[in-house]
Amino acid sequence: MQFIDFDTLPSKNALANLAQTPFDLTSDDALSEERLETYVCSSAGFDLLYATQRIDDNVLDSLQQMVDEAGLIEKFAAMKRGAILNFIEGFESEQRQVLHTACRDLFSEAPLCPEATEAAREELDKLKLFLDKLANRELVNSQGQPFNTIIQVGIGGSDLGPRALALALKPFALDGRSARFIANVDPDDAAEVLREVDLSRTLINVVSKSGTTLETLTNEILVRRALEDKGLNPSHHMIAVTGKGSPMDDPSRYLASFYMYDYIGGRYSATSMVGGVTLGFLLGFDGFMEILKGANEVDIASENPSIRRNISLLMAMLGIWNHNLLGYATCAVLPYSQALSRFPAHLQQCDMESNGKSVTRSGTAVRYKTGPVLWGEPGTNGQHAFYQLLHQGTEVVPAEFIGFRKNQYEQDVEVEGTTSQQKLLANLLAQSIALATGRQSDNPVRSFAGNRPNSILLAEQLTPRTLGALLAIYENRIAFQGFCWNINSFDQEGVQLGKVLAGKILAHMVADSKKTAQKKEGSSTEEVLLKVAKII
Ligand code: G6Q
């Protein structure tokens, strides 16, 4: 496999030339019927409508050339087959395979990385058994009642993905079941959740790949004490998901234990047991399998070498066109679905932790921009807030809209001739067009420059299957971009730094509090800051 720096790809020059005069979306009839029909890519239940990007066939051809020169499909396929792609050449680095896709490669007779899929299958079998015992009431609380709530205790990758998915799929929850999350070491995070649940009917799912994360271990103890305070036995309520051999790998402390593996990065772990236990409890085993099915469909579709037929690849390359060639610094993800309210937060981690890098695979400083700042909020709420800047600000923000033709509960109300779902979709489409075409007026206050690139990802309905697909579309988009920038999207030294610093500071705080106790005096915030600066 050849690893080539982004700025030495021959197509980069052709694209730089094309970027001098990108397609003008504000020109007369720019969004013709023909253009709207041409720039659509469909697969795994999603349509990507991208006529509102500043592209034409020449740009697409050059982006395709870039895909081929950088060997993006070859690298993606190698990743799925278990190649070690979490590495930096010549320097100490994680040196691991990247196999989150193996967790969902369960539906064909010949999985691409059989050992990893077999390991995933073993955990799924254990999960099924556990969920069956809960369903047939073999496993109940001390009063013989079924558990109705699960609290996932974890942070970062052990929280964001499962939380975003659980929130998005509430309408598909089994009767009476709910999922809650505690992540922050801020004690108020736990306090708020704990006061709202009946602990006697609650399972606590502690999730930490390393089994050493300060926030999670602290919150585990906090919840254990809360259970004990209510006279409940923690080992009858607590579940663990962790790496083999981690400090949390002690089944005697838990009602059930599940494993995740070092070849699955935290931010890519929602389809492993990190998401599986909580989502399986909430949706049932079959519901979780539907998520895996949707993700697997996209993983397969993402091997299509044609940029015009592969949604993840196309989104990756449109992102590179906007960020590296047109120079836009951020990217907004705007779901027109309240259920996806935490999805941008999950993507923010997945994308920015993966592609927020400054060295190439050979350890040299990159000479080009890598991952953009990614952010977002659900529409239409955002329209009444930050869309002002999207329409008229000096910063051009490429936008990725996400929408569904049908709402989840299928309950709706018709007001003045349209349903709420129709209003939601109409708003999405109107925003997309308005950002692209702009509006000229003699009054500068009411003028909209347009040419604000965006695309729409559209599916029928947000179900476990479509959500699995949506998740994988973005995961694979992130991988493609990282390959194209020739960076390692699969390590996270910035996060590790935070963990190390927190440990150091806390060790000093413990030592200090002993001294202060002897001297019977406290430290001012400024003194603490000064000490922290010295420690770091
Ligand atoms: C994700 C990151 C990071 C990680 C958390 C929690 O890719 O590595 O967000 O998931 O720091 O780590 P543990 O699961 O080890 O507690």
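- A salt bridge does not link R104 to E297: none of the charged side-chain nitrogens sits closer than 4.0 Å to a carboxylate oxygen.
- Of the charged side-chain nitrogens involved, at least one lies within less than 4.0 Å of a carboxylate oxygen, so that E123 and K126 count as a salt-bridged pair.
- K128 has a carboxylate O that lies under 4.0 Å from a charged side-chain N of D132, or vice versa, which qualifies the two as a salt bridge.
- Between the side chain of R163 and the backbone N or O of F343, no donor-acceptor pair lies under 3.5 Å.
- A donor-acceptor pair is defined here as one N or O able to donate and one able to accept, closer than 3.5 Å; no such pair exists between the side chain of R195 and the backbone of A191.
- The salt bridge (charged side-chain N to carboxylate O under 4.0 Å, His left out) pairs that include a residue from residues 491-507 are K357-D491, where partners are two or more places apart or lie in different chains.
- In this structure, CG on D262 lies 9.5 Å from CG on L99, to the nearest 0.5 angstrom.
- Both tests hold for R224 against Y254: distance to the six-membered ring centre under 6.0 Å, angle to the ring axis within 45°.
- Expressed to the nearest 0.5 Å, how far CD1 of I150 lies from OG1 of T278 amounts to 4.0 Å.
- The CG atom of L374 lies 7.5 Å from the OH atom of Y474; values are rounded to the nearest 0.5 Å.
- To the nearest 0.5 angstrom, L227 atom CG is 8.5 Å from T202 atom OG1.
- Listed for the D412 side chain is a donor-acceptor partner under 3.5 Å among the backbone atoms of Q421.
- Using a distance-only test at 3.5 Å, with no hydrogens or angles considered, a donor-acceptor pair links the side chain of Q461 to the main chain of N407.
- Rounding to the nearest 0.5 Å places NZ of K423 at 7.5 Å from CD of E414.
- In this structure, R361 is positioned above the aromatic face of F87, its NZ or CZ under 6.0 Å from the six-membered ring centre and within 45° of the axis.
- Contact detail for S246 and S210: the closest heavy-atom pair is CB-O, 3.3 Å.
- Not a single donor-acceptor pair under 3.5 Å links the side chain of T380 to the backbone N or O of Q383.
- A salt bridge is defined here as a Lys NZ or Arg NE, NH1 or NH2 lying under 4.0 Å from an Asp or Glu carboxylate O, and E220 with R253 meets this definition.
- Relative to the six-membered ring of Y261, K244 misses at least one condition, a distance below 6.0 Å or an angle of at most 45° to the axis.
- In this structure, S208 OG and D249 CG are separated by 12.0 Å, a value rounded to the nearest 0.5 Å.
- Using a cutoff of 4.0 Å between basic side-chain nitrogens and carboxylate oxygens, E475 and R267 are not scored as salt-bridged.
- Looking only at distances, no side-chain donor or acceptor of D299 sits under 3.5 Å from a matching main-chain atom of A472.
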